[in-house]
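Side chains are part of it too, since the values below use all heavy atoms of this structure and drop only hydrogens, waters and symmetry mates. Residue numbering restarts at 1 for every chain, and letters A, B, ... go by the order of the sequence lines.
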Number of protein chains: 2
Amino acid sequence: MSRPPRARESVLDAFEQLLVDDGERAATMDATARAAGVSKGGLLYHFASKDALEHALLERLVTLVDADLAEMASSPEGPVAFFLRTSVMDDDALDRALIATSRLAQRGSAEATESLRVVRARWAEALRPHVRDAAALDLVLLVSDGLYYNNALTAAAAAGPVPRGVGLDALVALVERATR
Amino acid sequence: MSRPPRARESVLDAFEQLLVDDGERAATMDATARAAGVSKGGLLYHFASKDALEHALLERLVTLVDADLAEMASSPEGPVAFFLRTSVMDDDALDRALIATSRLAQRGSAEATESLRVVRARWAEALRPHVRDAAALDLVLLVSDGLYYNNALTAAAAAGPVPRGVGLDALVALVERATR
DNA sequence: GTCTATAAAAAGATAGAC
DNA sequence: GTCTATCTTTTTATAGAC
């Protein structure tokens, strides 16, 4: 896997950021090219169509999830706590890719929806051995989904209703008690 | 409050359904008019602009949430169980309005985002007296958000990863044990 | 690899007939 | 109240120069 050209990565970064910060409607090819500092023609050399651009974002997501699963498996606090804590958006690469993908899914992209389904299934498999039963697994996954959903809604704007700091500690402790 | 004309309601229904089933991109004024069986001019008589159409959807949401809060308060199984069970999309009017609104919010509509925030705060206030502490309230709200998020993603398509039947019973019981 | 210019379609909105 | 016709802007995509 040779590393892709810099300009290509810049375009993909810009597309992702527009999706996350300004929503799906704002992430046009024109706006993406402008934000990446290339012309529309330049963008279209790297990504022949909007579909190609979206597809590349989904490939990036898969790569980042692979890394996250590895980190989760060897996390000192345990996979469940690690999973919940990292569900609170920290503006890292995985969070951005995940929110951007969920924007595409909600615009109606079948491929994006399927990617989210696959990613969620992989997390579920990694967590299953560390919780009591099926309901406990549902609980952990749904709390994580809830955290992402709230982050996805509030975008770059005001601090949402998502718990942080002491509140997050209490929530994680509560979920661990209920599911272990 | 006089009841609005039939055609106006048909247009609003069609707009809502397009948002829920096919995503925000598909819910154009043209497509909405076609789905409602009126012309674009006919639609624009009732809703002078796309903003007006979206605003009407948010008003419908508020009305439906008022009714839901009343029902929740007098629910025999208790507000928490009622709240969680009705978070699993049953394709009722409130579910459709809520999912449609969340599509608008993710397109970047500030008014839709604010509506969701207000609605969530009202639910939080209604639930607060029935849970142990702040972390327990977070837990209930986040599980509900997670359920809606998954329903919003899977749209009309294949059965999502959301628990139903026996699985839902077990989840509700688990949350009640953890938060009461 | 990157650019400019431009075509083709779709979107929101206006005007005015009926 | 509802329609058709038309205008403007935006978005995706193509063609071809450099």
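Under a 4.0 Å N-O distance rule, the pair B:R103/A:E24 does not qualify as a salt bridge.
Closest approach of A:F47 and A:M29 over heavy atoms only: O-CE, 4.4 Å. Nearest heavy-atom pair, B:A124 versus B:L141, reported as atom, atom and distance to 0.1 Å: CB-CD1, 3.8 Å. Across all non-hydrogen atoms, the minimal contact from B:A136 to B:V131 is CB-CB, 4.0 Å. Among all heavy-atom pairs drawn from A:S10 and A:A36, the shortest one is O-CB, 3.8 Å.
Under 3.5 Å, the side chains of B:N150 and A:D145 contain a donor-acceptor pair of N or O atoms.
Looking at residues 25-41 of chain B, you'll see B:R25, B:V38, B:S39, B:G41 sit with a heavy atom under 4.0 Å from some atom of DNA chain D.
For DNA chain C, the contact window with chain B, defined by any atom under 4.0 Å from a protein heavy atom, covers C:dA11 to C:dT14 in 5' to 3' order.
No more than 12 heavy atoms of other residues, nucleotides or ligands lie within 6.0 Å of CD in A:Q17, so this atom counts as exposed by the packing criterion.
A donor-acceptor pair is defined here as one N or O able to donate and one able to accept, closer than 3.5 Å; no such pair exists between the side chain of A:S144 and the backbone of A:V140.
As judged by a 4.0 angstrom heavy-atom cut-off over every strand, A:L44 is placed among the base-contacting residues.
Distance CG (A:L53) to P (D:dT11): 15 Å, rounded to an integer number of Å.
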